[in-house]
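Only one structure is covered here, and it is reproduced in the block below.
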Amino acid sequence: MAVLAGRLARRWCFGLLRSPTQVPALGLHAGSPTMRTSQKDFNDAVSQVKLLKEDPGNEVKLKLYALYKQATEGPCNVPKPGMLDFINKTKWDAWNALGSLSKEAARQKYVDLVSSLSTSSKSPSPETPAADRKPPEGNSLVVTSEDGITTIRLNRPTKKNALTTQMYHDIIAALQAASKDESTITVLTGSGDYYCSGNDLTNFTHLSAGGLEEMARSGEVLLRDFVDCLIDFPKPLVAVVNGPAVGISVTILGLFDVVYATDRATFHTPFSHLGQSPEGCSSYTFPKIMGSSKAAEMLLFGKKLTAQEACARGLVTEVFPDGTFQKEVWARLKAYSKLPPNALRISKQIIRKQEKEKLHAVNAEESSVLRERWLSDECMNAIASFLSRKAKL
Ligand SMILES: CCCCC/C=C/CC(=O)SCCNC(=O)CCNC(=O)[C@H](O)C(C)(C)COP(=O)(O)OP(=O)(O)OC[C@H]1O[C@@H](n2cnc3c(N)ncnc32)[C@H](O)[C@@H]1OP(=O)(O)O
């Protein structure tokens, strides 16, 4: 637990340790014992950190933090933060690990480390081939409108379309826009071999100053807003499940009007494995769709369904062979999109009306329970395990 929590904490530091004095293990550059570093060299290095063009990463920031503290205050002299105060405990551990290193030696190591960073973070030369440069990750969500269909496409194929916090916000905005646009039908689908791997587990590493509690609180609000938006969506909402689906991308399917899946798709809700609990109104919609014992096998024990099983249980409308999936599904959707939009809207309203209040209440309760779950040891250990690459589904 301690090791995993430490790893998670290190990830959680990311984005929080922004200034050099707040930032980051030990002697990447031991420095020459005979070389003396002046206070001015040290001050210059502190200023230089602010000018670094690239984020040096958490490990380095933690080293810088510890060396700065040792250089300015000497050996660690403050009480150890509590177990759950991950960030301050990680910083304390890094500083304390420097033991009785002298202030002067710490200054030297700090200056050496900054100097190595300055060299390695120089801008790429004009000769650097474009192919060797890492493209920025943008357009995680692509929204298009054509033939009466607005398509919201999850577009992070290298991360199996895991949903970042920003993507939840963007999907909400896209749904709001689609509810008012000219289109008749709205589709959610994914790019690449996955439909979606669920919540991006690194969302848990982006802590603000309010720490874990704040992360859980804002997560609850965002989750509730996201699911509310699906509950209230006024037009036919179709999921085109182009590959495996995990977590929240599965649970919300009960709020869609139609779900088409390739025969390569699987449906997996590993909440207990993650120390979490069901969301997306699945605690209500799944028992209703497939009966309580089948729903329990999925939501409690994380049974992964094939597309055919999901179809037999009523979660999926129809399964198509992977080779013809895109062609068949889009041809069908194009035909449906020619139906009178107002009739579709009104019919959907009648079908869903009786349930709306219930669904909003279920959503509020599920989101509130999840907030507590996110603060639990079970959940933290599971996420730390994934982030340290020890656990996969
Ligand atoms: C507002 C907040 C709301 C929160 C609502 C709560 C929702 C609950 C859930 O959604 S629970 C489900 C969470 N998802 C998971 O637990 C899935 C975790 N991922 C995996 O187990 C596997 O990655 C896999 C089975 C999906 C795919 O395995 P495969 O071996 O085919 O591929 P890789 O593991 O190598 O993955 C490729 C890269 O994608 C990254 N990645 C995949 N899924 C996620 C994810 N959910 N979160 C973050 N990152 C993910 C993976 O780390 C690889 O990245 P890398 O190449 O940089 O290592």
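In this text, all values refer to a predicted model and were calculated from it rather than measured experimentally. Ligands are counted one by one from 1 in listed order, and the atoms in each one are counted from 1 as well. The figures here come from the full heavy-atom set of this structure, side chains too, leaving out hydrogens, waters and symmetry mates.
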Open item on the list: Is there a polar contact, in the sense of an N or O pair closer than 3.5 Å, between Trp374 and ligand 1?
Closed with: no
Task: ligand 1 to Glu279 polar contact by distance, N or O atoms, under 3.5 Å - done: no
Task: Which atom of Leu255 lies closest to which atom of Cys281, heavy atoms considered - done: CD2-CB, 4.2 Å
Task: Heavy atom of Tyr194, distance to ligand 1 below 4.0 Å - done: yes
Task: Any Thr158 heavy atom less than 4.0 Å from ligand 1 - done: yes
[X] contact mode with ligand 1 (heavy-atom cut-off under 4.0 Å):
X      : value
Tyr168 : side chain
Ser197 : both
Leu274 : side chain

Task: Whether over 12 other heavy atoms sit under 6.0 Å from Lys358 NZ - done: no
Task: Short side-chain donor-acceptor distance under 3.5 Å, Asp200 and Thr164 - done: no
Task: Residues that, via side-chain heavy atoms closer than 4.5 angstrom, fall in one hydrophobic cluster with Val142 - done: none
Task: Shared-cluster residues of Trp330, by chain and number - hydrophobic side chains joined below 4.5 Å - done: Ile149, Ile185, Val187, Val238, Val240, Val258, Tyr260, Phe320, Phe325, Val329, Leu333, Tyr336, Leu339, Leu344
Open item on the list: At less than 4.0 angstrom from any non-hydrogen atom of Gly198, what atoms of ligand 1 do you find?
Closed with: 10 (O)
Open item on the list: Please verify the inter-ring angle class for Phe42 with Tyr68; under 30° counts as parallel, over 60° as perpendicular, anything in between as tilted.
Closed with: parallel
